[in-house]
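Keep in mind that the numbers below use all heavy atoms, side chains included, and drop hydrogens, waters and symmetry copies. Just so it is clear: chains get the letters A, B, ... in the order the sequence lines come, proteins before strands, and each one is counted from 1.
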Amino acid sequence: MKYWLIKSEPDVFSIDDLKDSPSGITSWEGVRNYQARNFMRDEMKKGDLVLFYHSNCNPPGVAGICTIEIESHPDLTAFDPESRYFDPKSHSDKPVWFLVDVKFASKFNTFIPLEKLRSKAELQQMKLLQRGNRLSVMPIQKTEFDTICEMGK
DNA sequence: GCCAACGTTGGC
DNA sequence: GCCAACGTTGGC
């Protein structure tokens with residue numbers, strides 16, 4: 001099993017929006033970064049555990065946990081000219097963009113702000129904390145996942 | 001709202 | 001294939 005962190009702007013889609021989705025499941029649409037896509041397309045497996053991070057808000061931080069429910073399939077919003085995620089390079093016979101479906105698992109009792117993550121010695125290696133990091137889907141270590149879950153209790 | 005960091009685009 | 005220009009991300 002692998003461990004991941006995904007970012008979302010809560011103004012756009014928050015962990016409560018995920019919780020309120022039908023069956024707590026949503027397609028993680030709109031990712032338009034190749035590295036992030038490759039993680040979703042090639043490496044995320046059903047049952048993997050995922051931290052849900054709120055970005056571009058005050059304060060940013062980890063809000064809870066979800067799981068991979070459905071493995072890689074094409075991101076249909078790329079085919080839709082009306083969608084803000086439309087990409088004319090992607091065609092249904094040869095899709096460029098892929099996504100996974102994630103399922104709500106739990107919300108932390110304590111929201112963990114970025115500042116708290118930065119202050120933890122065990123988390124200093126996390127990609128999330130590296131300067132200039134912009135990846136919205138990234139792998140994390142089990143030890144990091146466990147540390148953050150403990151902080152969120 | 002600013003701006004540093006990074007990814008993508010496109011001319012050459 | 002290089003690299004300048006541009007657009008986006010996301011913390012602050």
inquiry  = Generate the contact string for nucleotides 6-12 of chain C. Rules: B means base contact, S means sugar-phosphate contact only, - means no protein heavy atom under 4.0 Å.
reply    = -BBBBBS

task = Find the distance A:Gln130:CD to B:dA4:C1' and express it as a whole number of Å.
result = 16 Å

request  = Mind jotting down which residue pairs meet the side chain to side chain donor-acceptor pair (under 3.5 Å) criterion with at least one end in residues 49-69 of chain A? Sequence neighbours excluded, please.
outcome  = A:Glu9-A:Asn56

ask   = A:Asp16: what forms a side-chain hydrogen bond (donor to acceptor under 3.5 Å, both in side chains) with it, not counting sequence neighbours?
value = A:Lys107

request  = Kindly write out the residues that satisfy ring-ring contact (aromatic ring centres under 6.0 Å, His included) with A:Tyr34, not counting sequence neighbours, or none if the list is empty.
outcome  = A:Trp97

Within residues 72-81 of chain A or reaching into it, pairs that qualify as side chain to side chain donor-acceptor pair (under 3.5 Å) - sequence neighbours excluded = A:Arg32-A:Asp75, A:Arg32-A:Thr77, A:His73-A:Asp101, A:Asp75-A:Thr77

Please set out all donor-acceptor pairs under 3.5 angstrom arising from side-chain atoms of residues 42-49 of chain A, sequence neighbours excluded.
{"unit_1": "A:Glu43", "atom_1": "OE1", "unit_2": "A:Lys2", "atom_2": "NZ", "d": "3.1"}
{"unit_1": "A:Asp48", "atom_1": "OD1", "unit_2": "A:Lys2", "atom_2": "N", "d": "3.1"}
{"unit_1": "A:Asp48", "atom_1": "OD2", "unit_2": "A:Trp4", "atom_2": "NE1", "d": "3.0"}
{"unit_1": "A:Asp48", "atom_1": "OD2", "unit_2": "A:Lys45", "atom_2": "N", "d": "3.0"}

remark   = Contacts of A:Gly132 and A:Lys89 projected onto DNA chain B by closest heavy atom; the upstream (5') one is A:Gly132

